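What follows is one structure encoded as structure tokens, with my remarks underneath.
Counting convention: from 1, in listed order, for ligands and their atoms alike. Given the structure is predicted, the values throughout are model-derived calculations rather than measurements.
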Amino acid sequence: REDGAGAGQSRFRLTLVRGDITEQHVDAVVNAANSSLLGGGGVDGAIHRRGGPAILAECRALRASRYGRGLPTGQAVATTGGNLPARWVIHTVGPVFSAGEDRSALLADCHRNSLRVADELGARSVAFPAVSTGVYGWPLDDAALIALRAVSQTPTSVELLSFVLFDDRALTVFRQAA
Ligand code: AR6
């Protein structure tokens, strides 16, 4: 639980759950996308499969308008949730893990910017996956610390914030980090 001790701090209930992010009944789910916004594997593939073509159509429109060169790493942008229970999808692009370069600020940016977009939407409940910890190779324990620190340090109107972890190991690691 995040108690938000000081002024300007976040004040949301934090939950860590094991599950599939596409099944979450929340206002917005965060997608671990890539810069193309045109889909991929992992969370991204699952969201587009379950959410249907409306999400991809909006992603294509974003590429044709605001993001001709793709969504930069660390940024976030929203589309409809299509057929998902969630009303919106907030697409963010995590950094690919690098052993030789510290990219943790970009991973923190993903979380900060996703919360900013959630506030712009008026979302009160938001579910995050463990961004960058799959295809992008980020060690789970380090990613959990960065993600939890970033959300707890971001002022937001979100009231219910969950991390939806795909397996027991990820859930355990996030619990320890929290
Ligand atoms: N619900 C919750 N978590 C999931 C789900 C799901 N349905 N499916 C996978 N995970 P990844 P990334 C977990 O690879 O590392 C895509 O191709 C998974 O176990 O989805 O940021 C994009 O298009 C892992 O812990 O995202 C990009 O090209 C975590 O979600 C690239 O992968 C993130 O794994 C992004 O890579």
Side-chain angles (χ1 to χ4, degrees), residues 14-53 55-60 62-63 67 69-79 81-86 88-99 101-115 117-118 125-148 150-151 160-178:
L14 174 70
T15 58
L16 306 176
V17 295
R18 189 171 71 80
D20 181 339
I21 198 149
T22 66
E23 293 173 0
Q24 303 303 306
H25 289 259
V26 289
D27 293 337
V29 294
V30 174
N31 181 18
N34 60 62
S35 285
S36 81
L37 292 176
L38 301 180
V43 171
D44 199 10
I47 283 177
H48 280 286
R49 263 195 312 279
R50 175 112 192 245
I55 300 176
L56 190 58
E58 274 192 51
C59 284
R60 287 191 199 285
L62 284 165
R63 284 300 307 276
Y67 298 109
R69 295 175 158 207
L71 182 66
T73 303
Q75 301 293 301
V77 68
T79 66
N83 300 326
L84 295 174
W88 297 290
V89 176
I90 298 171
H91 306 263
T92 191
V93 182
V96 176
F97 179 73
S98 162
E101 184 191 347
D102 182 6
R103 297 179 178 165
S104 53
L106 286 168
L107 187 54
D109 283 348
C110 288
H111 295 81
R112 274 191 222 105
N113 285 321
S114 293
L115 283 177
V117 170
S125 54
V126 178
F128 283 81
V131 176
S132 286
T133 66
V135 173
Y136 283 176
W138 209 290
L140 204 48
D141 52 351
D142 195 44
L145 285 172
I146 294 164
L148 288 162
V151 298
L160 186 61
L161 191 155
S162 53
F163 283 92
V164 180
L165 293 323
F166 211 38
D167 54 32
D168 284 330
R169 188 178 83 87
L171 179 62
T172 301
V173 169
F174 265 72
R175 277 192 180 144
Q176 282 165 353

A side-chain contact here means heavy atoms from C-beta on lying under 4.5 Å apart; do [X] and [Y] qualify?
{"X": "Leu37", "Y": "Val77", "answer": "yes"}
{"X": "Cys110", "Y": "Val93", "answer": "no"}
{"X": "Ile55", "Y": "His91", "answer": "yes"}
{"X": "Leu38", "Y": "Leu56", "answer": "yes"}
{"X": "Leu115", "Y": "Leu161", "answer": "yes"}
{"X": "Cys59", "Y": "His48", "answer": "yes"}

Is there a polar contact between ligand 1 and [X], counting only N or O atoms under 3.5 Å apart?
{"X": "Pro129", "value": "no"}
{"X": "Ala46", "value": "no"}
{"X": "Val43", "value": "yes"}
{"X": "Ala33", "value": "no"}

Using heavy atoms and a 4.0 Å limit, tell me yes or no: is [X] in contact with ligand 1?
{"X": "Gly19", "answer": "yes"}
{"X": "Ser132", "answer": "yes"}
{"X": "Thr22", "answer": "no"}

Please state which protein non-hydrogen atom is closest to [atom] and give its distance, to 0.1 Å?
{"atom": "atom 36 (O) of ligand 1", "result": "Tyr136 CG, 3.4 Å"}
{"atom": "atom 24 (C) of ligand 1", "result": "Thr133 OG1, 3.2 Å"}
{"atom": "atom 14 (O) of ligand 1", "result": "Val135 N, 2.8 Å"}
{"atom": "atom 7 (N) of ligand 1", "result": "Asp20 OD1, 2.9 Å"}
{"atom": "atom 1 (N) of ligand 1", "result": "Ile21 N, 2.9 Å"}

For this session: Of all the heavy-atom pairs spanning Ala78 and Glu58, show the shortest one and how long it is.
Result: O-OE1, 4.4 Å
For this session: For atom 31 (C) of ligand 1, state whether the nearest protein heavy atom is under 4.0 Å away.
Result: yes
Backbone N/O of [Y] and side chain of [X]: donor-acceptor pair under 3.5 Å:
{"X": "Thr22", "Y": "Ile47", "value": "no"}
{"X": "Asp27", "Y": "Ser125", "value": "yes"}
{"X": "Ser35", "Y": "Pro72", "value": "no"}
{"X": "Asn113", "Y": "Gly74", "value": "yes"}

Could you list which atoms of ligand 1 come closer than 4.0 Å to a heavy atom of [X]?
{"X": "Asp44", "answer": "22 (C), 23 (O)"}
{"X": "Gly40", "answer": "17 (O), 23 (O)"}
{"X": "Ala32", "answer": "21 (O), 22 (C), 26 (O), 35 (C)"}
{"X": "Gly42", "answer": "8 (N), 20 (O)"}

Going by the closest heavy atom to [atom], which one wins out of [options]?
{"atom": "atom 29 (C) of ligand 1", "options": "Gly137, Ala130, Gly45", "answer": "Ala130"}
{"atom": "atom 16 (C) of ligand 1", "options": "Gly94, Ser35, Gly41, Ala170", "answer": "Gly41"}
{"atom": "atom 15 (O) of ligand 1", "options": "Ala143, Gly134, Cys110", "answer": "Gly134"}
{"atom": "atom 6 (C) of ligand 1", "options": "Phe166, Phe97, Trp138, Phe128", "answer": "Phe166"}

Problem set entry | Parallel, tilted or perpendicular: ring planes of Phe174 versus Phe163, cut at 30 and 60 degrees | tilted
For this session: Using the side-chain contact (heavy atoms from CB on, under 4.5 Å) rule, pick out the option among Phe97, Trp138, Tyr136 that qualifies with Arg103.
Result: Trp138
